[in-house]
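Before we start, here is the structure in question, set down as structure tokens.
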Amino acid sequence: MYASHEDIGYDLEDDPKAKKALKPHPDIDGGWAWMMVLSSFFVHILIMGSQMALGVLNVEWLEEFHQSRGLTAWVSSLSMGITLIVGPFIGLFINTCGCRQTAIIGGLVNSLGWVLSAYAANVQTLFITFGVAAGLGSGMAYLPAVVMVGRYFQKRRALAQGLSTTGTGFGTFLMTVLLKYLCAEYGWRNAMFIQGAVSLNLCVCGALMRPLSPGKVENCPRGKEPCALPAYSTESVKSGGPLGMTEEQDRQPENEETVCDLQAQECQSQPRPRKNMCALRVLKTVSQLTVRVQKGFRDWYSGYFGTASLFTNRMFVAFIFWALFAYSSFVIPFIHLPEIVSLYNLSEQNDVFPLTSIIAILHIFGKVILGAVADLPCISVWNVFLIANFTLVFSIFLLPLMHTYASLAVICALIGFSSGYFSLMPVVTEDLVGTEHLANAYGIIICANGISALLGPPFAGWIFDITQKYDFSFYICGLLYMVGILFLLIQPCIQMLEQSRRKYTDGAHV
């Protein structure tokens, strides 16, 4: 499946000699595109960075509520899991409301979840306030940040995604230090309250996510048709409106509704035709909103269940299977490493330079370097992606064998650098399904990652409650991860065999 011109930001140019020649949109790979990278960068700091630093709060919750490790770990895993699991449903919001509105609402909900969690009386309350509420808000802000970078970049997509997602590494390092300081100075409840206020900055990041503006018409001879027809993104084109309608014109019904509200008394005092005019304007606004919602739902439904269903792409289905097992191997160290170093009597060394900070710092370098390498013309994105996966699963298998701070630091460095392949996931997804279906497809992928993140930390805590060790949880998760990687490798071979069989069968019939 290929992307449409509207989605990738190209303008159509009517030329008698060369009809429908493609002209790059001025904002693609430059201009406001780098603001998208900056916005996405801060979204990753505030969402993914804070979630990767939840090991600090996990220790506080264990001391406060005196529950089992498996039950307490559900708080962190619910937040991380729901952030990703709601991806397919957030795709519906994006198709209907656009990335900007979805991200702003998500910032408000996320902040509310943090604040309410400061008043939690038990772990079960945290399941709702932090796991569900804060997780839902995070998901509503996270997916638009990834999708908008994909829409604004073509030539340097891997590098742009790599730079934006380095916010996860920076955020993990910064939020770990911040939460440790806030918990030590003010207690974990006040720390969550303050973090809720910090999370309001997600609304600012969402406000920066403006849709691709219509292409400007320049150097057109007088008396002739315009040289270029403007291209519109999903957000800038409203259903039912004319093709040439700009985004500001699209918002005209909202302005008309406001004017109608302000002139309500005047309408009542005017003759009946004036009342009918106000009523018609309200009906027009409601009608346009209804059509817009219907179109958004129709696009969302067709992407998942219609004739253009993403699940008909077998390679994409294999990618989903891989995602179901991949993320838990990355999440478990972040949640349980603070306690693992305590069991190994390495707390003093870990306090000087935490192992999770090592993962975070190398994670930054990994995303930038792997993104830059994948953008090289002679390098395949898939090869870089698979090599990084094999390195990460190898590190997961070695982690339980290390019992000194130096050896754990080396393994954590490998985990951090190799996990930089997460910056390539949107690029790989877009290569599989096209830009047109990126929002829905990436929503499915992060949903599968969310299931992995949801079950991974509680599973590791449950294994510890039984065996008093975390070793077996790393081995089991690493084994499942390896199965997912092998499934990715086998699927192209199966497709090649099927194509060869079809060619042989067609040749026999001829």
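Because the structure is predicted, anything quoted here is derived from the model rather than measured.
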Next item on the list: Scan side-chain atoms only and decide if S50 and Q195 contain a donor-acceptor pair under the 3.5 Å cut-off.
Entry: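 Result is no, nothing qualifies.
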Notebook entry, point to check: Are the side chain of S39 and the backbone N or O of M35 linked by a donor-acceptor pair below 3.5 Å?
Noted result: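 Not at all, since once roles are kept as given, no pair shorter than 3.5 Å links the two residues.
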Next item on the list: List the atom of V393, the atom of G478, and the distance in Å for their closest heavy-atom pair.
Entry: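 So the minimum-distance heavy-atom pair works out to CG2-O, 3.3 Å.
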Note to self: Side chains of V373 and L370, heavy atoms from C-beta outward: is any pair under 4.5 Å?
What the structure shows: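 They are not in side-chain contact.
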Note to self: I'd like to check F153 versus V37 (side-chain heavy atoms, cut-off strictly below 4.5 Å). Are they in contact?
What the structure shows: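 In short, these two side chains touch, coming nearer than 4.5 Å.
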Check: Taking atom CG of D471 and atom CD1 of I476, what is their separation to the nearest 0.5 Å?
Finding: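 With rounding to 0.5 Å, CG (D471) is 11.0 Å from CD1 (I476).
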Notebook entry, point to check: Between CD1 of I82 and OG of S77, what distance do you get to the nearest 0.5 Å?
Noted result: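 One finds 9.0 Å between CD1 of I82 and OG of S77.
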Notebook entry, point to check: Under 3.5 Å, side chain of S111 to main-chain N/O of L108, donor-acceptor pair present?
Noted result: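 Here the side-chain-to-backbone pair does not exist.
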Checklist line | Q51 vs T83 side-chain heavy atoms within contact, under 4.5 Å | finding: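 The answer is yes; the side chains approach within 4.5 Å.
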Next item on the list: Would you name the heavy atoms of F422 and S419 that are closest together and state the gap between them?
Entry: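 Nearest heavy atoms, F422 then S419: CD1-O, 2.9 Å.
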Notebook entry, point to check: Of all heavy-atom pairs between M425 and T429, which one has the smallest distance, and what is that distance?
Noted result: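 Closest heavy-atom pair between M425 and T429: O-OG1, 2.7 Å.
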Check: Would the number of heavy atoms belonging to other residues, nucleotides or ligands and lying under 6.0 Å from CZ of F459 be above 12?
Finding: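 Yes, enclosed.
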Item checked: Close side-chain approach of L126 to T129, heavy-atom, < 4.5 Å ->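 Answer yes - side chains close enough.
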Notebook entry, point to check: Taking the six-membered ring for Trp, are Y475 and F397 parallel (under 30°), tilted (30 to 60°) or perpendicular (over 60°)?
Noted result: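 The arrangement is parallel - the two ring planes meet at less than 30°.
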Next item on the list: Any chance you could measure H363, atom NE2, to F170, atom CZ, to the nearest 0.5 Å?
Entry: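 These two atoms lie 11.0 Å from each other.
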Next item on the list: Find the distance between CG (L202) and CD1 (I47) and round it off to the nearest 0.5 Å.
Entry: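 So the gap between those two atoms works out to 5.0 Å.
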Note to self: If you compare all heavy atoms of A323 against all heavy atoms of N449, which two are closest, and at what distance to 0.1 Å?
What the structure shows: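 Minimum heavy-atom contact is O-OD1, 3.1 Å.
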Next item on the list: Check whether more than 12 heavy atoms from other residues, nucleotides or ligands sit under 6.0 Å from atom CH2 of W382, and answer yes or no.
Entry: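 Buried by this count: over 12 neighbours within 6.0 Å.
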Next item on the list: Check whether any side-chain N or O of Y152 sits under 3.5 Å from a backbone N or O of P211 as a donor-acceptor pair, and report yes or no.
Entry: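 Yes.
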Checklist line | Output field: ring centroids F130/W74 closer than 6.0 Å | finding: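 Not close enough - the centres of the two rings lie 6.0 Å or further apart.
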Check: Heavy-atom count around F472 CZ within 6.0 Å, excluding the residue itself: above 12?
Finding: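 No - once you tally the heavy atoms of other residues, nucleotides and ligands closer than 6.0 Å, there are 12 at most.
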Checklist line | Derivation of the side-chain contact (heavy atoms from CB on, under 4.5 Å) call for F325 and I485 | finding: CA-CA 9 Å; F325 302 112; I485 297 174; over 6 Å; no
Note to self: Would you say H44 and T168 are linked by a side-chain donor-acceptor pair, where the criterion is simply a distance under 3.5 Å?
What the structure shows: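 T168 vs H44: no donor-acceptor pair found between side chains.
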Could you go through residues 407-418 and list every donor-acceptor pair under 3.5 Å that involves a side-chain atom there, pairing it with any protein atom two or more places apart or in another chain?
{"unit_1": "S407", "atom_1": "OG", "unit_2": "T404", "atom_2": "N", "d": "3.3"}
{"unit_1": "S407", "atom_1": "OG", "unit_2": "T404", "atom_2": "O", "d": "2.9"}
{"unit_1": "S407", "atom_1": "OG", "unit_2": "T404", "atom_2": "OG1", "d": "2.7"}
{"unit_1": "S418", "atom_1": "OG", "unit_2": "L414", "atom_2": "O", "d": "2.7"}
{"unit_1": "S418", "atom_1": "OG", "unit_2": "I415", "atom_2": "O", "d": "3.4"}

Note to self: Nearest 0.5 Å, please: how far is CG in L432 from CD1 in I320?
What the structure shows: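 I320 atom CD1 to L432 atom CG measures 10.0 Å (nearest 0.5 Å).
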Note to self: Is it the case that the side chain of S452 and the backbone of A448 share a donor-acceptor pair, with hydrogens and angles ignored and the cut-off at 3.5 Å?
What the structure shows: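 No; zero donor-acceptor contacts below 3.5 Å.
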Next item on the list: In sequence, state the C-alpha distance, the side-chain angles, and the governing distance for W34 and L163, and then conclude on side-chain contact (heavy atoms from CB on, under 4.5 Å).
Entry: CA-CA 10 Å; W34 293 108; L163 291 173; 4.0 Å; yes
Notebook entry, point to check: Stepwise, does the side-chain contact (heavy atoms from CB on, under 4.5 Å) test hold for V75 with L57?
Noted result: CA-CA 10 Å; V75 180; L57 291 174; over 6 Å; no
Next item on the list: Taking the side chain as every heavy atom from C-beta outward, state whether N201 and F42 have any pair of such atoms under 4.5 Å apart.
Entry: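 Not in contact.
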Checklist line | Contact check, side chains of I45 and M175, non-hydrogen atoms, under 4.5 Å | finding: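 Counting from C-beta outward, I45 and M175 do come under 4.5 Å.
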Checklist line | Nearest heavy atoms of S40 and A145, plus distance in Å | finding: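 In this case the closest contact between S40 and A145 is OG-O, 3.4 Å.
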Notebook entry, point to check: Are the side chains of F385 and L488 in touch, meaning some heavy atoms are under 4.5 Å apart?
Noted result: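 With C-beta onward as the side chain, the pair touches.
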Next item on the list: Taking the side chain as every heavy atom from C-beta outward, state whether L143 and F93 have any pair of such atoms under 4.5 Å apart.
Entry: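 Heavy-atom side-chain distance check fails, nothing below 4.5 Å.
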Checklist line | Smallest separation among heavy atoms of L208 and M36, with atom names | finding: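 It is O-CE, 2.7 Å.
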Notebook entry, point to check: Which distance, rounded to the nearest 0.5 Å, do you find between the CD1 of I445 and the CG of L324?
Noted result: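 That separation rounds to 8.5 Å.
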Note to self: As a quick check of understanding, evaluate side-chain contact (heavy atoms from CB on, under 4.5 Å) for I340 and F474, giving each step before the final call.
What the structure shows: CA-CA 12 Å; I340 291 175; F474 285 107; 3.9 Å; yes
